[in-house]
Protein chains: 4
Amino acid sequence: MATKEEIVKGFRVRELLEATRRVIARNGFQGTTIDRVAEEAKVAKGTIYLYFPTKEDLLHAAILEGLRAMVSETAEADNPELPPLERISELVRNQFRIQSSNEHFLKAFFLESSFVNFEPGDVRGEELRRVYIDHLEFLASVLGLAIRAGVLRPTDPQFAAFMLSDMITASIRRRLLGLASTPIEADADAVLEMFLKGVLAP
Amino acid sequence: MATKEEIVKGFRVRELLEATRRVIARNGFQGTTIDRVAEEAKVAKGTIYLYFPTKEDLLHAAILEGLRAMVSETAEADNPELPPLERISELVRNQFRIQSSNEHFLKAFFLESSFVNFEPGDVRGEELRRVYIDHLEFLASVLGLAIRAGVLRPTDPQFAAFMLSDMITASIRRRLLGLASTPIEADADAVLEMFLKGVLAP
Amino acid sequence: MATKEEIVKGFRVRELLEATRRVIARNGFQGTTIDRVAEEAKVAKGTIYLYFPTKEDLLHAAILEGLRAMVSETAEADNPELPPLERISELVRNQFRIQSSNEHFLKAFFLESSFVNFEPGDVRGEELRRVYIDHLEFLASVLGLAIRAGVLRPTDPQFAAFMLSDMITASIRRRLLGLASTPIEADADAVLEMFLKGVLAP
Amino acid sequence: MATKEEIVKGFRVRELLEATRRVIARNGFQGTTIDRVAEEAKVAKGTIYLYFPTKEDLLHAAILEGLRAMVSETAEADNPELPPLERISELVRNQFRIQSSNEHFLKAFFLESSFVNFEPGDVRGEELRRVYIDHLEFLASVLGLAIRAGVLRPTDPQFAAFMLSDMITASIRRRLLGLASTPIEADADAVLEMFLKGVLAP
DNA sequence: GATGAATGAGCGTTCATTCAT
DNA sequence: AATGAATGAACGCTCATTCAT
């Protein structure tokens with residue numbers, strides 16, 4: 001059961017993590033310093049160390065929470081009762097919307113960090129990977145259902161899920177690199193069409 | 001005409017760039033310091049500054065050369081006389097081979113840096129983007145030919161090229177994240193199949 | 001109103017500036033490094049940067065304060081009600097006393113730096129020059145009064161002030177170069193006599 | 001007797017010292033590096049170390065020679081047969097001319113370095129001081145003659161020589177600080193008048 | 001608990017000096 | 001003798017972390 005202190009602590013932690021993400025969004029990972037986070041959170045520098053033992057832990061927690069928010073928002077927006085194809089279609093559209101609304105934090109995340117800053121075997125890295133893998137498995141399960149329903153060809157759903165997820169990220173990245181000329185609304189459809197139909201002439 | 005000194009200088013530059021890429025591979029971009037490069041190249045710190053005016057220039061040159069090597073190797077392995085589909089197939093297979101052989105350096109590059117470390121407008125960043133864009137345009141031109149030949153559906157070849165390139169990178173990334181259970185040789189085929197046919201049931 | 005923190009900060013700043021002047025005195029401007037100042041002030045290197053953004057700012061502030069102390073001490077010791085000649089005489093005597101008590105810092109300042117270390121147009125250099133020029137103008141105004149009172153010949157008071165100031169400095173420099181055999185008390189009188197009467201036989 | 005090698009060596013040394021003074025003139029003492037001197041002398045960096053064991057020795061020799069040139073030019077321009085007052089007058093005018101023609105090197109010397117860069121007891125510092133003292137003694141001897149001739153008041157000629165020399169330097173410094181509005185030709189007369197007659201009303 | 005002044009290891013960079021050619 | 005590539009100590013500065021208040 002949560003004591004009053006724990007609740008207060010929870011608030012502080014949340015504030016710190018949000019401030020951290022804002023700083024990441026504004027300055028990138030490189031430019032994220034403890035000083036800046038403290039200033040953004042309107043808290044003394046030392047205070048951060050009451051809640052996080054190192055900067056890496058703070059960053060990790062901020063990313064993890066941000067990623068979890070994105071992932072769970074995806075899951076919540078999912079409607080399992082839709083026909084498989086429409087469900088997938090909605091998922092893609094939702095994910096586009098989510099990543100675009102979160103854009104600022106995710107921009108830095110997808111362009112700069114990914115999952116590399118942690119050594120293989122590092123607990124925090126594993127945790128991060130875990131969240132991502134859970135997300136992929138959720139996608140894979142949806143794809144798996146569609147395959148079993150005969151709507152999709154029998155392919156490796158894990159592989160397909162990874163590719164689908166990456167294609168979404170990729171088209172956002174493409175936009176951030178200044179290589180997209182189409183309006184952003186068209187991206188979800190373009191990704192979906194390519195994912196579903198490929199490029200081969202019928 | 002190259003004098004003897006220029007040749008020696010060329011060797012040193014190459015050694016330094018290779019050492020730099022090894023350090024990037026081992027420590028990531030964040031962890032790449034002049035000290036470490038010097039140690040890796042078995043050279044005093046100051047020596048590096050005889051060949052590169054700043055650390056950024058060194059990193060840029062190392063990345064640029066690594067990227068160019070990858071790109072030009074792709075172009076050289078291309079056989080324009082193949083039928084469109086086989087040509088694309090070969091391109092994908094080649095790129096897989098190339099990116100896997102370069103694996104260590106490219107890992108850090110594709111996972112960590114992308115093209116972000118340079119401010120927009122930075123000459124070096126633009127140069128880097130240019131190389132990448134050239135590569136994409138080459139892919140796009142091959143896809144464009146296939147479209148005009150009626151082998152591929154009429155789609156935006158730029159978009160398709162970006163996605164294809166990214167799918168290759170993604171499946172390597174997937175492997176680096178420990179999410180692949182299939183043998184690496186199967187990746188190229190899997191990417192190709194998805195790219196060409198999509199996942200939709202016929 | 002000064003808070004407690006501001007007072008403490010003021011102490012630190014003063015300690016740092018004094019330490020800086022001691023280091024300048026001991027090692028000259030060339031030999032003044034942040035490390036040495038930190039050691040002299042018994043403070044970690046980084047601490048200095050909490051109070052001064054760059055080394056140049058630290059040096060500038062230390063010199064400026066040292067110069068201002070000298071200049072304002074001169075002004076305060078001035079007695080405007082004395083007859084012109086006695087007033088000038090007192091001014092010279094006072095300046096000798098002041099410059100000799102500050103000797104160590106001023107030695108380096110007058111022998112090494114002058115006002116050169118700052119580019120023309122540099123705000124800090126201008127500030128330094130300003131203090132010096134103000135001092136000269138104060139001297140010039142006193143000389144100007146004496147001229148209008150008919151006690152001094154009509155000459156350019158700006159020029160005379162510069163020369164008088166420099167003669168004082170010069171005779172201290174002469175002492176530092178080991179060229180003086182007379183007791184230091186005699187210097188003020190010697191300078192005054194030369195300044196007032198010149199060397200020409202009557 | 002000078003061997004051929006010694007003559008060649010003499011040429012090189014002279015070239016190096018001249019190059020050094022040009023670099024000092026252009027970049028100040030701070031900005032004088034071995035690299036720049038080597039480039040200015042069109043010689044490899046290592047070559048300098050065949051002739052001078054350290055940078056300090058090079059600088060010292062360059063200053064010493066530059067100072068000697070100035071001093072001996074003063075002595076050569078002297079006409080001992082002139083009446084004392086005219087002789088002094090000519091000396092001052094000549095020194096102004098010399099220091100103004102050498103202006104570039106001397107500017108840095110008089111504004112930046114003086115004699116301080118060498119520890120007391122340092123052989124090179126003493127040598128420098130010696131040249132300067134010799135010059136002062138020459139001036140003092142001329143003043144002494146004038147005193148004995150009854151043209152100047154009986155004063156300490158050493159002191160007077162130092163002051164006269166410094167007043168010349170000071171008025172050049174004043175000009176370099178941007179504090180002079182009169183034409184440069186007037187400086188010599190102004191210094192002379194002040195030195196001879198002082199500022200006191202008759 | 002909260003603060004923020006203090007710390008010092010570590011960074012990128014410069015440059016006097018050395019030494020193999 | 002002459003070269004200039006190589007060296008590495010030293011510099012100014014940053015910033016994650018600590019700790020007295």
Side-chain angles (χ1 to χ4, degrees), chain A residues 5 8-9 12 30-39 41-59, chain B residues 4-5 8-9 11-13 16 30-39 41-59, chain C residues 4-5 8-9 11-13 16 30-39 41-59, chain D residues 5 8-9 12 30-39 41-59:
Chain A
E5 283 79 23
V8 171
K9 181 164 178 169
R12 262 289 148 81
Q30 275 270 18
T32 297
T33 65
I34 291 286
D35 273 86
R36 285 211 245 246
V37 172
E39 191 192 347
K42 280 165 191 151
V43 144
K45 224 190 324 185
T47 305
I48 292 174
Y49 284 87
L50 297 174
Y51 298 95
F52 297 95
T54 70
K55 185 197 180 190
E56 290 223 319
D57 285 296
L58 171 67
L59 283 182
Chain B
K4 193 179 153 194
E5 284 80 24
V8 171
K9 178 162 179 170
F11 269 117
R12 259 290 143 81
V13 165
L16 287 175
Q30 276 268 14
T32 298
T33 67
I34 290 287
D35 269 282
R36 281 210 248 249
V37 172
E39 193 191 345
K42 278 165 192 150
V43 141
K45 229 188 327 183
T47 303
I48 292 174
Y49 286 88
L50 296 177
Y51 299 94
F52 297 95
T54 69
K55 184 200 180 190
E56 291 224 320
D57 285 296
L58 172 67
L59 283 183
Chain C
K4 192 178 153 194
E5 285 79 25
V8 171
K9 181 162 179 172
F11 269 118
R12 260 289 142 82
V13 165
L16 287 176
Q30 276 269 15
T32 298
T33 67
I34 289 289
D35 269 282
R36 281 209 248 250
V37 172
E39 194 191 346
K42 278 165 190 150
V43 142
K45 228 189 329 186
T47 303
I48 292 173
Y49 287 89
L50 296 176
Y51 299 94
F52 297 94
T54 69
K55 184 202 180 190
E56 291 224 320
D57 284 297
L58 172 67
L59 283 183
Chain D
E5 283 81 23
V8 170
K9 183 163 176 171
R12 261 289 149 80
Q30 276 269 15
T32 298
T33 65
I34 291 287
D35 273 87
R36 284 211 245 247
V37 172
E39 192 192 348
K42 279 164 189 151
V43 144
K45 223 186 330 182
T47 304
I48 293 174
Y49 284 87
L50 297 176
Y51 298 95
F52 298 95
T54 70
K55 184 197 181 191
E56 290 224 320
D57 285 296
L58 172 66
L59 283 182

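Lettering follows sequence order; numbering is per chain, from 1.
Applying the 4.0 Å criterion to OP1 and OP2 of F:dA6, one finds that B:Y51 has a side-chain N or O inside that range. The shortest distance between the side-chain N/O atoms of C:Y49 and the OP1/OP2 oxygens of E:dA5 is not below 4.0 Å. Look at C:T47 and you won't find any side-chain N or O under 4.0 angstrom from OP1 or OP2 of E:dA5. Between A:R12 and E:dG1 there is no side-chain N or O to OP1 or OP2 distance below 4.0 Å.
Applying the Watson-Crick and G-U wobble criteria (two distances, each under 3.5 Å), F:dA20 pairs with E:dT3. Figure legend. F:dG12 is base-paired to E:dC11; pairs are counted as Watson-Crick or G-U wobble with both atom distances under 3.5 Å.
Residue D:I34 is in base contact, counting any heavy-atom pair closer than 4.0 Å across all strands shown.
In A:K55, the NZ atom is crowded: over 12 heavy atoms of neighbouring residues, nucleotides or ligands sit closer than 6.0 Å.
Between E:dC11, F:dT3, E:dT7, one nucleotide has an atom nearer to the side chain of D:V43 than all others, and that is F:dT3.
Between the CG atom in B:L58 and the OH atom in B:Y51 there is a gap of 13.0 Å [rounded to 0.5 Å]. Separation of atoms CG (D:L59) and OG1 (D:T32) is listed at 6.5 Å; rounding is to 0.5 Å. Note: C:R12 CZ to C:K9 NZ = 12.0 Å, rounded to the nearest 0.5 Å.
Applying the 3.5 Å distance criterion, the base of E:dT13 shares a donor-acceptor pair with the side chain of B:K45.
Residue B:V8 is the one, among B:V8 and C:G46, whose nearest nucleotide of DNA chain F lies closer to the 5' end (criterion: closest heavy atom). Along DNA chain F, the nucleotide nearest to C:D35 and the one nearest to B:L50 differ in position, and the one closer to the 5' end is contacted by B:L50.
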